Number of protein chains: 2
Amino acid sequence: MTSRKPKRNQDEWIYQEVFDAILEQRLAPGTKLAEDAMGEIFNVSRTVIRKVLQRLSHERVVEIRPNRGAVVSAPSVDEARDIFAARRLIEAGITRLACANITDESADELEELIREEDRHYHQGDRSGGIRLSGEFHMRLAEIAGNDTLKGYLKELVTRTSLIIAQYEAPGNTICTHNDHQELVDAIRAGDAETAVPLMDRHIQACEDKLNLDGGEAAPDLKAIFSRVSLERTDAA
Amino acid sequence: MTSRKPKRNQDEWIYQEVFDAILEQRLAPGTKLAEDAMGEIFNVSRTVIRKVLQRLSHERVVEIRPNRGAVVSAPSVDEARDIFAARRLIEAGITRLACANITDESADELEELIREEDRHYHQGDRSGGIRLSGEFHMRLAEIAGNDTLKGYLKELVTRTSLIIAQYEAPGNTICTHNDHQELVDAIRAGDAETAVPLMDRHIQACEDKLNLDGGEAAPDLKAIFSRVSLERTDAA
DNA sequence: GCACACATGAATGTACACAATTTTTTTCCA
DNA sequence: TGGAAAAAAATTGTGTACATTCATGTGTGC
């Protein structure tokens, strides 16, 4: 029952389905996205699937390897650090703009998002919590009013979700929710000099909770086994 | 004589051709890019052209209107301001990183780029000058070493070129070349506190030289005439 | 038994044909 | 003659067939 949507905006619909699945971590990094299989799932031809995959690839959410198909991106440690650095920079700018444009009304909406996020987390709905946390940051970008920066942030939020899926240290919740509340307080007051450092530290804290020093995700298999075989060769 | 490249990397080649043509302002904003025509020009099927157009569309360099084809993007005044604001933010970050990573060798390369840029401008090669100026900023991003920010800057540089094509005030050269030299001096010294404001003012100067207050590019025709007809209706 | 070469299968890359939509031209009526 | 409706042409959207490439499995020679 794939609920046949009207033929209009098929791509958009399929794109959203795949995008959400990745954002909510139902599709793990490295998962292969074969064109035939996806076409069968969504009842469209490979043509449409290819279009969706290319779009996701431009957003760096999936990786298309020539002649070898598409997989969900698996950011390396270096990429992860680049992404967090970019987020600190861009969210600092967004926060500054938001402080200039904030109204009581939009500040209230932000607080509503925070409450909803808490609700999901307390109900054990991790996926929903991650999504809502991202929506908080996106709403801030909307308040800032710069569409270009908003587009970049959307990409960064999604890729951050991929990074968390790969490098989350076991038994750690990632985002401290109090951060968001303090942030709104400062932004509501239009106090950029307080809000910007808060945002910077918030994202830094996110990064610090991850296990980015430990080891790579997939490629370390190769490294591990090559070392093992070397040791055995030495012993023999 | 379309110099048949090997079948490998056809997209990449065609993408570069179109991209360069837009960057060097040989394709004006608003120009229609029909699939059949482009396919004939490059001797490939529409399939390949569509792939290229979709990529350019995601980079906001062309706009794809559903069922109505692709045109070279024509940024509005609001978009233009957003893009300059984003550039100030991102290039500030890049400049700071470059100050930390600079070596004498890469600083020398930057100065070589400046000289080449000057050479082109003095020979009256405007297109080449614009391209070289963009390459200077891109090289800085490479030195900074953050691939994500580099990708964003590439987009912003191209879109800036589109903005200049639309809103350049007549008889004004856009980029002051001395700016670039002062910038390299500060970066070579690793002096971020000097370099970052220099970069910020450099981009601000670029924006200020444009005619962003005057009027929109194409749509104002519509607005003007609709107002005129209203007035005439009142008068009659 | 091991390494290299070859054959097979599955998946992606491209071209083309047809369907759906938009734009232009033609036609008809007031 | 002007304008609106309808027909025609042109353009984009989608499905499908075929070409090409890569990965895996098999066989042969040493």
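Because the structure is a prediction, the values reported are computed rather than measured. Residue numbering restarts at 1 for every chain, and letters A, B, ... go by the order of the sequence lines.
Using a 3.5 Å distance cut-off with no hydrogens or angles, the side chains of B:Ser73 and B:Arg159 do not pair a donor with an acceptor.
The distance between atom CZ of A:Phe42 and atom P of D:dG15, rounded to the nearest whole Å, is 14 Å. Between B:Asp11 atom CG and D:dT20 atom C1' the separation is 14 Å, expressed in whole Å. In this structure, the CZ atom of A:Arg50 is 14 Å from the C1' atom of D:dA17, given to the nearest Å. Between the CG atom of B:Asp36 and the P atom of D:dA9 there is a distance of 17 Å, given to the nearest Å. For B:Ile49 and C:dC16, the CD1 to P distance is 13 Å, given to the nearest whole Å. What separates CG of A:Asn67 from C1' of C:dT14 is a distance of 11 Å, to the nearest Å. In this structure, A:Gln54 places its CD atom 14 Å from P of D:dG13, rounding to the nearest Å. Nucleotide C:dA15 holds its C1' atom 15 Å from the CD atom of B:Glu40, rounded to whole Å.
When the nucleotides D:dT21, C:dT14, C:dA11 are ranked by their closest atom to the side chain of A:Lys32, C:dA11 comes out on top. Checking D:dC22, D:dG13, C:dT14 against the side-chain heavy atoms of A:Arg68 singles out D:dC22 as nearest. Candidate nucleotides C:dT12, D:dT16, D:dG13 were compared by shortest atom distance to the side chain of B:Glu35, and D:dG13 ranks first. In the set D:dT21, C:dT14, D:dT16, the nucleotide with an atom closest to the side chain of A:Ser45 is D:dT16. Distances were taken from every side-chain heavy atom of B:Lys51 (C-beta onward) to each of D:dT12, D:dC22, C:dT14; the shortest belongs to C:dT14.
You'll find a donor-acceptor pair under 3.5 Å spanning the side chain of B:Arg46 and the base of D:dG13, going by distance alone.
A cation-pi arrangement is absent between B:Lys209 and B:Tyr167, since the terminal nitrogen or guanidinium carbon is not both under 6.0 Å from the aromatic centre and inside a 45° cone about the axis.
Taking every heavy atom of both residues into account, B:Ile130 and B:Leu23 meet most closely at CG2-O, 3.9 Å.
Between B:Gln10 and C:dT14, a side-chain N or O to OP1/OP2 separation shorter than 4.0 Å is present.
Toward the 5′ end of DNA chain C lies the nearest nucleotide of A:Gly69, the other residue of the pair A:Gly69 and A:Thr47 mapping further downstream. In terms of position on DNA chain D, the residue among B:Ala34 and A:Val44 whose nearest nucleotide sits closer to the 5' end is B:Ala34.
Checking each of A:Glu24, A:Glu117, A:Arg126 against A:Arg131 for a side-chain contact (heavy atoms from CB on, under 4.5 Å) leaves exactly one that passes, namely A:Glu24.
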Checking B:Asp213 against B:Arg81 for the salt bridge (Lys or Arg N to Asp or Glu O under 4.0 Å) test, could you report, in this order, the C-alpha distance in whole Å, the side-chain angles of both residues, the deciding distance, and whether it holds?
CA-CA 11 Å; B:Asp213 307 303; B:Arg81 294 197 196 283; 3.2 Å; yes
